[in-house]
Amino acid sequence: MNFVPLGSIAEIQLGKMLSPAAKTGLYQSTYLRNQNVQWGRFDLSDLATMDFSERERQKFELHPGDLLICEGGEPGRCAVWNGELADCYYQKALHRLRPYTGIADSEFLAYWIRSQALKGTFEDQNAKTTIAHLPLVRLEQLPVPDLPLEEQRRIASLIKSQLAAVEDARQAVQTQLKEAALLANKLRDQAMMDLDAFRRVRLEDLLQCIDAGKSFQTSERLASERELGVLKVSAVSWGEFKPGEAKAIDGDYTPDDRHRIRKGDVIVSRANTIALVGAVVRAERDYPQRLLSDKTLRLILDTMQCDPDYFVEALRLPEARAHIEANATGSSDSMRNISQGALAATPIPLPEIHEQRRLAKHMQAVNQELTALRASIQTRLDHIEQLPARLLAQVFDAL
């Protein structure tokens with residue numbers, strides 16, 4: 001198999017650099033950013049505009065058949081533009097590849113570049129920065145198979161049809177995951193439906209106290225799981241505590257034991273998306289190297305009147321969720337906050353303690369079955385997610 005440099009069979013050009021003047025210019029037009037380009041498709045749900053002069057319009061306008069390639073972030077991520085929008089351009093974070101007529105096929109080149117990205121071709125093991133980057137000169141020198149145009153199109157068509165089947169299977173399995181989540185909510189509602197007959201109390205009536213977390217100066221990554229770390233908001237999700245979701249603390253610090261995570265702790269997310277603000281979990285064991293952040297709270301329950309496992313389920317009831325979501329403040333949908341006072345006022349149905357324990361035990365059994373079901377579905381999804389890489393390797397290794 002012979003190879004030729006990518007730059008010898010296609011024109012490759014970086015887009016326009018964003019500037020303060022471009023943001024306020026008179027001739028605003030839609031342009032694509034790095035995040036708009038996904039593998040084999042475009043996400044056009046969030047588009048930006050900037051000013052393009054007449055000369056820049058001629059230079060940076062996208063044409064059907066252009067291949068857009070990410071320079072940074074996930075170097076090599078690419079998709080073929082098929083004229084999804086009229087009068088659309090692109091910024092400097094993207095390379096635009098336009099094959100020379102009669103020599104190269106955009107779809108074929110997109111699949112080849114994806115296969116190289118999966119092999120790690122664009123990774124720079126000697127880079128001094130952690131920001132991945134695919135410069136123009138490196139892309140131009142990328143070796144590509146020297147095949148007749150019709151053969152390129154035949155291979156691209158074969159890959160496209162097989163990837164479409166993989167995508168259909170992936171979407172079907174993702175639908176099963178969503179249905180499993182809906183089933184969990186349905187079973188929880190059925191188990192707890194008789195609680196309407198019981199009196200409501202305020203959440204604060206069930207507490208001995210609330211331990212608030214602390215704000216720390218942090219780094220993004222932990223060097224190891226044994227390193228001291230403060231919880232991120234992503235550590236608290238419905239029914240799942242993720243101690244690995246933590247940030248390293250900058251400098252030497254001896255933590256207050258009040259901030260350490262202990263077995264049985266009831267931990268609530270004080271800040272998160274609207275669906276996850278107020279999410280609650282119990283720690284299944286001690287995590288002495290994990291600390292409460294200023295966005296997490298530990299609720300110390302009065303266990304004589306409220307079973308902790310029942311409480312975790314009760315805080316997921318529609319009535320409790322409606323209260324939390326209505327009282328969560330913040331202008332951004334991606335981050336809402338619930339104050340301790342608003343959380344304390346959350347209504348909780350309170351049956352007798354023996355009934356609480358019965359319901360909690362029932363829901364634990366249900367949750368175990370649903371967890372096993374979701375794990376089985378996720379295993380199938382993980383297998384499907386690996387198929388594109390296997391398919392591309394099989395096709396191109398056979399050339």
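Scope of the values below: all heavy atoms of this structure, side chains included, with no hydrogens, waters or symmetry mates. Bear in mind the structure is a predicted one, so any value in this text is a computation, not a measurement.
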_Looking at Leu149, is its backbone amide N or carbonyl O close enough to the side chain of Asp105 to form a donor-acceptor pair, meaning the two atoms are under 3.5 Å apart?_
no
Ion pair present between Glu56 and Lys59, side-chain N to carboxylate O less than 4.0 angstrom?
no
request  = Is it possible for you to check whether Lys16 lies under 6.0 Å from the centre of the six-membered ring of Tyr31, through NZ or CZ, and within 45° of that ring's axis?
outcome  = no
Sub-3.5 Å donor-acceptor pair from the side chain of Trp238 to the main-chain atoms of Ala275, do we have one? yes
(Q) Does atom CD (Glu352) have a neighbourhood of more than 12 heavy atoms from anything else shown, all under 6.0 Å? (A) no
Short side-chain donor-acceptor distance under 3.5 Å, Asp46 and Gln35: no
Does atom NE2 of His63 have more than 12 heavy-atom neighbours, drawn from other residues, nucleotides or ligands, at distances under 6.0 Å?
-> yes
Using atom types as modelled and distance alone, determine if a side-chain donor or acceptor of Ser157 lies under 3.5 Å from a backbone N or O of Arg154. no
Nearest heavy-atom contact between Pro347 and Ala320 is O-CB, 4.0 Å
Separation between CZ (Arg258) and NZ (Lys214), nearest 0.5 Å, reads 9.5 Å
Result for ring-ring contact (aromatic ring centres under 6.0 Å, His included) between Tyr90 and one of Trp81, Phe52, Phe60, Phe42 points to Phe60
message = I'd like to know whether Leu187 forms a side chain to side chain contact (heavy atoms under 4.5 Å, CB included) with Leu370, so could you lay out the CA-CA distance, the side-chain angles of the two residues, the decisive distance to 0.1 Å, and finally the verdict.
response = CA-CA 10 Å; Leu187 292 174; Leu370 289 171; 4.3 Å; yes
| Between the main-chain N or O of Ala22 and the side-chain N or O of Gln28, is there a donor-acceptor pair closer than 3.5 Å? | yes
Separation between CZ (Phe198) and CZ (Arg200), nearest 0.5 Å, reads 9.5 Å
Ion pair Arg282/Asp307, N-O distance below 4.0 Å
no
Output for pair (Phe3 CZ, Met1 CE), nearest 0.5 Å, gives 6.0 Å
Discussion item. Does Leu292 form a side chain to side chain contact (heavy atoms under 4.5 Å, CB included) with Asp265? I'd like the steps, not just the answer.
Written reply: CA-CA 11 Å; Leu292 291 171; Asp265 278 353; over 6 Å; no
d(Ile274 CD1, Ile338 CD1) to nearest 0.5 Å is 8.5 Å
Classify the side-chain pair Gln368/Gln364 by whether it contains a donor and acceptor separated by less than 3.5 Å. no
Any salt bridge linking Arg57 with Asp87? Criterion: basic side-chain nitrogen under 4.0 Å from a carboxylate oxygen.
yes
Please check this pair: side chain of Arg41 against backbone of Trp39, looking for a donor-acceptor N/O pair closer than 3.5 Å.
no
Donor-acceptor under 3.5 Å (Asp43 side chain, Gln38 main chain):
no
From the list Thr379, Leu381, Leu373, side-chain contact (heavy atoms from CB on, under 4.5 Å) with Ile377 holds only for Leu373
>> Check this for me, if you would: do Lys263 and Asp286 make a salt bridge, where the nitrogen-to-carboxylate-oxygen distance has to be below 4.0 angstrom?
In response: no
*Joint hydrophobic cluster, Phe108 plus Leu118, side-chain heavy atoms closer than 4.5 Å*: yes
Is it the case that Arg390 and Gln394 place a side-chain donor and acceptor less than 3.5 Å from each other? no
d(Thr30 OG1, Leu85 CG) to nearest 0.5 Å is 6.5 Å
I'd like to know if the side chain of Gln152 reaches the main chain of Leu147, judged simply by a donor and an acceptor atom lying under 3.5 Å from each other, with no hydrogens or angles considered. yes
Please check if the side chain of Gln305 supplies one atom and the backbone of Ile353 the other of a donor-acceptor pair under 3.5 Å. no
Check: Have Asp382 and Gln386 got a donor and an acceptor in their side chains that come within less than 3.5 Å?
Finding: no
dist Arg96:CZ -> Cys78:SG (nearest 0.5 Å) comes out at 15.5 Å
### Query
Do the non-hydrogen side-chain atoms of Val4 and Pro143 ever get within less than 4.5 Å of each other?
no
